[in-house]
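Any value given below was found using the heavy atoms of this structure, including those in side chains, with hydrogens, waters and symmetry copies removed. Chain letters run A, B, ... following the sequence lines, proteins first, then strands; residues in each count from 1.
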Amino acid sequence: MSSVSVKSALAGSAGEGAVVTVKGWVRTRRDSKAGISFVQVNDGSCQGNVQLVVPATLANYTSEVLHLTAGCAIEADGTLVRSQGQGQAFEIQASAVRLIGGVDDPETYPIQPKAHSYEFLREVAHLRPRTNTFGAVTRVRHTIAQAIHRFFDQNGFYWVNTPIITASDCEGAGQLFRVSTLDLANLPRSDSGEIDFAQDFFGKEAYLTVSGQLAVEAYCLALSKVYTFGPTFRAENSNTPRHLAEFWMIEPEIAFADLNDDASLAEALLKSVFKDVLDRCGEDLKFFDDRVLKGVIARLEQMVANDFVRLEYGDAIKALEKSGKSFEFPVHWGADLQTEHERWLTEEHVGRPVVVMNYPEQIKAFYMRLNDDGKTVAAMDVLAPGIGEIIGGSQREERLDYLDKRMIQFGLEPHAYQWYRDFRRYGSVPHAGFGLGFERLVAYVTGMSNIRDVIPYPRTPGNAAF
RNA sequence: UCCCGGAUAGCUCAGCGGUAGAGCAAGUGACUGUUAAUCACUGGGUCGCAGGUUCGAUCCCUGCUCCGGGAGCCA
């Protein structure tokens, strides 16, 4: 007798007539006076449940089987047979059902065989993986992560694990979470009354990273093609369906590359990931298409099939000005694009993914490369219909004198970035990269509308339960 | 953080100035293989918290807490 997954059982992989054992959690039970009960069992290996046909002749039928409710953990032995009923090709004619873990109080078990709101499920985040939706999200999230690593591996990239704790006091925009072992109730003070961070764990102020970019540039300028994929932290008081305080980010960095190479990489990565998910997650994607957001599959297929349009920022502004639309935020050269502008560009003007390139230098970060026109920097955003900005990236300023000028212009002290400046002093080359929010990508692929529902345990302002 | 909206049974919601209802879930029973089975019955609620108005508040008013949508910030 061999133990098989529900996925394998449903596919009949063991062969008709095989004696198998399945292990999982009960979803529903239906009884028939014909002397049998039907028990639907799920083990997370796939979207579907396997149906156990349990005869009343089993010794524990009345004592245990008839009391199985949603959430009970069981093991069952039985024969794999073709189903007499509709709805599944194979089922298991049970010869034994063992209750492994019961449910204390079925009435208050939160996960019932019915539709729950996402808001409620967030309050029971430790139990929501037992639902169809969160099982599917978990499997697709895994597949996307694997697809990302596979794409980079096949294209000669190395995964670099940049630090989560950083002492860079200004990696870029974004509020930082402080990391400290000082006693908050009894802070050490210097003579002038300021907190003495020399006594802190790292001997200086430390934070959780908001980006691995600056650290990964070092490896880019030695291994040529690298990427980070890890947790990232922002202490901003953002309360939206698109923001988390703790999220995962993918940041590739390529040497001997300009902004066009960067845009090409972004397009190739997204297409490769979408194609992998379409190939590998058909059942789960169908579930999302049916129950979560109509058209998610077609959206992915179109992304794979069409080339991304590339649009200069200046041309985007002209198009917006000529659109005849009345935007809440006025459009003019030098202003950053608002959500409403990005949506018009990608959804109405172009109708498919668009890469907006070369933004005014005053609205972008200090490390972005100044273009020859002296007015713009080599920055790009990838905008997609239905989600807006999915990727932000740039060619980095590789010329030391320009970098110093931009640091000063942004109020930064170049000497505080000596290690970062070193890259420009020793073997500097043109290089570029971008950041891709992992959860935003998962949300886009699944059609889930709130980013808190595509990460196992969402951290947001005021919320770090579980 | 700002602007809207919300909080009533385990869940999803309706309702009303005179201390509450449905569906689902749960329990019991009926039903010759069912598909979120169906049908009947039963149990289940300090109507978010704290004040105020009122003879009387779950309902009206104020504050607070939490949740959702939109905006900003961004990934």
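- Using a 4.0 Å cut-off between a side-chain N of Lys or Arg and a carboxylate O of Asp or Glu, A/E340 and A/K325 do not qualify as a salt bridge.
- Under the 4.0 Å criterion applied to side-chain N and carboxylate O atoms, A/R310 and A/D315 are not assigned as salt-bridge partners.
- Between A/R122 and A/D453, at least one side-chain nitrogen of the basic residue sits less than 4.0 Å from a carboxylate oxygen of the acidic one, meeting the salt-bridge criterion.
- Within the 4.0 Å cut-off from OP1 or OP2 of B/A36, not a single side-chain nitrogen or oxygen of A/Q40 is found.
- When the C1' atom of B/G72 is taken as reference, atom CD of A/Q175 falls 14 Å away, rounded to whole Å.
- Between A/R452 and B/G68 there is a side-chain N or O to OP1 or OP2 distance below 4.0 Å.
- Distance A/E340 CD to B/C73 P: 11 Å, rounded to the nearest Å.
- Counting only heavy atoms from C-beta on, A/Q338 has its side chain closest to B/C73 among B/G70, B/C73, B/U34.
- Note that A/R459 lies outside the cation-pi zone of A/F233, set by a 6.0 Å cut-off to the ring centre and a 45° limit from the axis.
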Dot-bracket, 5' to 3', for RNA chain B please: Watson-Crick or G-U pairs under 3.5 Å, [ ] where pairs cross earlier ones, | where the partner sits on another strand, dots elsewhere. (((((((..((((....[..)))).(((((.......))))).....(((((..]....))))))))))))....
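- Going from atom CD of A/E251 over to atom C1' of B/C74 covers 13 Å, rounded to whole Å.
- A/S238 contributes no side-chain N or O that forms a donor-acceptor pair with the base of B/C74 under 3.5 Å.
- Within residues 442-450 of chain A, the residues that place at least one heavy atom under 4.0 Å from RNA chain B are, in residue-number order, A/N450.
- In this structure, A/V445 and A/L285 have side chains that are in contact, with non-hydrogen atoms separated by less than 4.5 Å.
- Ring pair A/Y227/A/F157 is perpendicular by interplanar angle, where above 60° counts as perpendicular and below 30° as parallel.
- Using a 4.0 Å heavy-atom distance criterion, A/E91 is classed as a base contact.
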Sequence-aligned protein contact record of nucleotides 2-15 of chain B, with B where the base is within under 4.0 Å of a protein heavy atom and S where only the sugar-phosphate is: --------BBS---
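- B/C73 atom C1' lies 12 Å from atom CZ of A/F247, rounded to whole Å.
- In summary, A/E253 and A/R396 engage in a salt bridge, as defined by a charged side-chain N under 4.0 Å from a carboxylate O.
- Comparing A/M249 and A/R343 by the nucleotide of RNA chain B whose heavy atom lies nearest to each, the residue mapping closer to the 5' end is A/R343.
- Within the 4.0 Å cut-off from OP1 or OP2 of B/U34, not a single side-chain nitrogen or oxygen of A/S32 is found.
- No more than 12 heavy atoms of other residues, nucleotides or ligands sit less than 6.0 Å from atom OH of A/Y219.
- Distance from the side chain of A/R122 is smallest for B/C67 among the nucleotides B/U34, B/C67, B/U1.
- Atom CZ of A/F327 is separated from atom P of B/G70 by 19 Å (rounded to the nearest Å).
- To the nearest 0.5 Å, atoms CE (A/M448) and CD (A/E439) are separated by 12.5 Å.
- A salt bridge does not link A/R98 with A/E64: every distance from a Lys NZ or Arg NE/NH1/NH2 to an Asp or Glu carboxylate oxygen is 4.0 Å or more.
- Between A/T28 and B/A37 there is a side-chain N or O to OP1 or OP2 distance below 4.0 Å.
- A straight line from CG of A/L68 to C1' of B/A25 spans 16 Å, rounded to a whole angstrom.
- Counting any heavy atom pair closer than 4.0 Å across all strands shown, A/I390 reaches sugar-phosphate atoms only and no base atom.
- Here the nucleotide nearest the side chain of A/Q51, chosen from B/A71, B/G33, B/G27, is B/G33.
- Open room surrounds CZ on A/R291; 12 or fewer heavy atoms of other groups in view lie less than 6.0 Å from it.
- Few gaps surround CZ on A/R352; more than 12 heavy atoms of other groups in view lie less than 6.0 Å from it.
- Residue A/G85 is classed as a base contact, given a heavy-atom separation below 4.0 Å to a base.
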